Amino acid sequence: MAAVCKLGRFTEGVKFFNKFYIASQNGASRSLCTIVQQPQRTRSLLKLGLIGAATGIAVGAGYAYYRISEDRKNIGLEGTQLETVLLKYKPPVAPSRKIAYPVDSTGLKLTLFQYQTCPFCCKVRVFLDYYGISYDIVEVDPVLRKEIGWSSYKKVPILLTKVEEGYQPLNDSTMIVSLLASHLYDTSYKIEELANYYPNIAIRDEDGKFKYEMINKYFLMFNKQLPKNKSMNDIIEERKWRKWVDEVFVHTLSPNVYRTLDESYRTFNWFSEVGRWKEYFPTWEQLLIVNVGATAMWLIGKKLKKKHRLKEDVRQSLYDEANYWLRAIKVRGTTFMGGNQPDLSDLAVYGVLKSIEGCDAFRDLLVHTKIDVWYNAVKEQVDTHSGSSILSR
């Protein structure tokens, strides 16, 4: 009986061994099949790699062709003038509000397309307010910009002026101020005639990038006769400081008012309040402007800080430039850079600072510099339209 049991166990062992052997053989066969099929996968990966490389080459060649075509086109355009089209009819955009001054004797019919807190728009408004010139305002949605859909120029400010044959659009804040100042000095010059002295020419900048530049925008047209009580040195100094405002001072603002994401949101909420966005735009547009604008400008502010080589503490760069301006006035020994009355450079500096009047950066500027004395003196001159008395002489 024991022998039978042993035989049975031996038989079971043989059966188990046979099953294990057969299973092992099948597994080996499967492994062998996998090894045999491997080159097909390699060929598939190689094929995909070649397709990807060919696609990359095609896209790169297409982009290179596009860039070459653009460069050729730009070379052909270089030195040419961009013509400003005289509009026969006024665009059907209702004014957001009207600014009317009883002291206005200029007869000008002006519509300013603007952002309320854009420093360049503020420059134009300050000039008009100082001279007591009436104008209409169209508040532009800074994200959708549908209010200036009629214009090929997609920036603000745009000043639309009524002329004999229609409406003359004027672009670029510095050029607008120079042209209007020239007209106020000698009203025999028509607005549309003066516009010809400020051509927009295609050029390449210092980085080799193609752009249009407004020629003569810092120059006033005096018709060979200088204004009374103003020397050539005064005119040159005024021009120098106006250029400093555009090329240096204004670039300290954005990195400061959008310094952090929280500060950027506070800035845009103030923009919404002072710009009366609740009155002019539907709720969804307000939310879009604030949320998209605050986030985007916070990111852009970081790039601008690097681009314009501001200090790590960007507030210090703002203070430094403000003190540079104040020291220059102190050297002159006068209330304003223009002497006893603000000149165009005073109005320009005041204008760009007014654009951040409700921001943290402006309040910090008043604490850490002595600019408030000069700022309040210019504010009084602008708010009382003291320039209008000069026009009446």
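The model shown is predicted, which means the values in this text are computed figures rather than measured ones. The chain is numbered in sequence order, starting from 1.
Around atom NZ of Lys162, more than 12 heavy atoms belonging to other residues, nucleotides or ligands sit under 6.0 Å away. Within a 6.0 Å radius of NZ in Lys98, other residues, nucleotides and ligands contribute 12 heavy atoms or fewer. Counting non-hydrogen atoms of other residues, nucleotides and ligands closer than 6.0 Å to OH of Tyr197 gives a total of 12 or fewer. Surrounding CD of Glu312 are at most 12 heavy atoms belonging to other residues, nucleotides or ligands under 6.0 Å away.
A salt bridge does not link Lys88 to Glu165: none of the charged side-chain nitrogens sits closer than 4.0 Å to a carboxylate oxygen. Comment: Lys379 engages Asp383 in a salt bridge, judged by a side-chain N to carboxylate O separation of less than 4.0 angstrom. Using a 4.0 Å cut-off between a side-chain N of Lys or Arg and a carboxylate O of Asp or Glu, Glu273 and Lys278 do not qualify as a salt bridge. Between Arg242 and Glu247 no salt bridge is recorded (no basic side-chain N to carboxylate O distance below 4.0 Å).
Under 3.5 Å, the side chains of Asn269 and Ser272 contain no donor-acceptor pair of N or O atoms. Side chains of Lys123 and Ser173: a donor-acceptor N/O pair is present below 3.5 angstrom, by distance only. Side chains of Tyr375 and Glu357: a donor-acceptor N/O pair is present below 3.5 angstrom, by distance only. Asp320 and Gln316 form a side-chain donor-acceptor contact under 3.5 Å, judged by distance and modelled atom types alone. Side chains of Glu321 and Trp244: a donor on one and an acceptor on the other come within 3.5 Å.
A distance of 6.0 Å or more separates the ring centres of His385 and Tyr131. His368 and Tyr319 have their aromatic ring centers within a separation under 6.0 angstrom. Aromatic rings from Tyr218 and Trp241 are positioned such that their centres are separated by 6.0 Å or more. Two rings, from Phe127 and Tyr130, have their centers 6.0 Å or more apart.
When each of Thr161, Asp104, Asp129 is paired with Tyr135, the side chain to side chain donor-acceptor pair (under 3.5 Å) condition holds for Asp129 and for no other.
Atom-to-atom distance recorded for Ile99:CD1 and Leu128:CG is 10.0 Å, nearest 0.5 angstrom. Taking CG of Leu179 as the start and CG of Asn216 as the end, the distance is 11.5 Å to the nearest 0.5 Å. Here Asn233 contributes atom CG and Glu238 contributes atom CD; the two are 12.5 Å apart, rounded to the nearest 0.5 Å. Interatomic distance, OG of Ser188 versus CD of Glu193, reported as 8.0 Å (0.5 Å rounding). To the nearest 0.5 Å, atoms CG (Leu318) and CG (Asn256) are separated by 5.0 Å. Rounded to the nearest 0.5 Å, atoms CD (Gln286) and CD1 (Ile289) are 7.5 Å apart.
Taking 4.5 Å as the limit, every side-chain heavy atom of Leu347 sits out of range of all side-chain heavy atoms of Tyr350. The shortest side-chain heavy-atom distance between Tyr265 and Thr295 falls under the 4.5 Å cut-off. Considering only heavy atoms from C-beta on, Lys90 comes within 4.5 Å of Thr111 through its side chain.
A search for side-chain contact (heavy atoms from CB on, under 4.5 Å) contacts involving Lys370 returns nothing, not counting sequence neighbours. Not a single ring-ring contact (aromatic ring centres under 6.0 Å, His included) links Phe219 to another residue, sequence neighbours left out.
Distance alone, capped at 3.5 Å, is enough to place a donor-acceptor pair between the Ser386 side chain and the Gln381 backbone. The backbone N or O of Asp136 lies less than 3.5 Å from no partner atom in the side chain of Arg97, so there is not a single donor-acceptor pair. With Glu139 contributing its side chain and Gln116 its backbone, the two residues share a donor-acceptor pair below 3.5 Å.
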Can you list, pair by pair, the side-chain donor-acceptor contacts under 3.5 Å of residues 326-337, counting residues two or more places apart and other chains?
residue	atom	partner	partner atom	Å
Arg332	NE	Met337	O	2.9
Arg332	NH2	Met337	O	3.4
Thr334	OG1	Phe336	O	2.6

Under 3.5 Å donor-acceptor pairs involving side-chain atoms of residues 359-367, not counting sequence neighbours:
residue	atom	partner	partner atom	Å
Asp360	OD1	Arg363	NH2	2.6
Asp360	OD2	Arg266	NE	3.0
Asp360	OD2	Arg266	NH2	2.8
Arg363	NH1	Gly358	O	3.2
Asp364	OD2	Arg315	NE	2.9
Asp364	OD2	Arg315	NH2	3.2

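Through direct or indirect side-chain contacts shorter than 4.5 Å among Ile, Leu, Val, Met, Phe, Trp and Tyr, Tyr153 is connected to Leu87, Val93, Phe113, Tyr115, Val138, Val140, Ile148, Trp150, Val156, Ile158, Leu160, Tyr167. Here Val85 sits alone; no ILVMFWY side chain lies under 4.5 Å from its own, so it joins no hydrophobic cluster.
Classified by interplanar angle (parallel below 30°, tilted 30° to 60°, perpendicular above 60°), the ring pair Phe281/Trp277 is tilted.
A continuous path of Ile, Leu, Val, Met, Phe, Trp and Tyr side chains, each step under 4.5 Å between heavy atoms, connects Phe268 with Val292, placing both in one hydrophobic cluster. Residues Met297 and Leu287 do not share a hydrophobic cluster, clusters being chains of Ile/Leu/Val/Met/Phe/Trp/Tyr side chains in contact below 4.5 Å.
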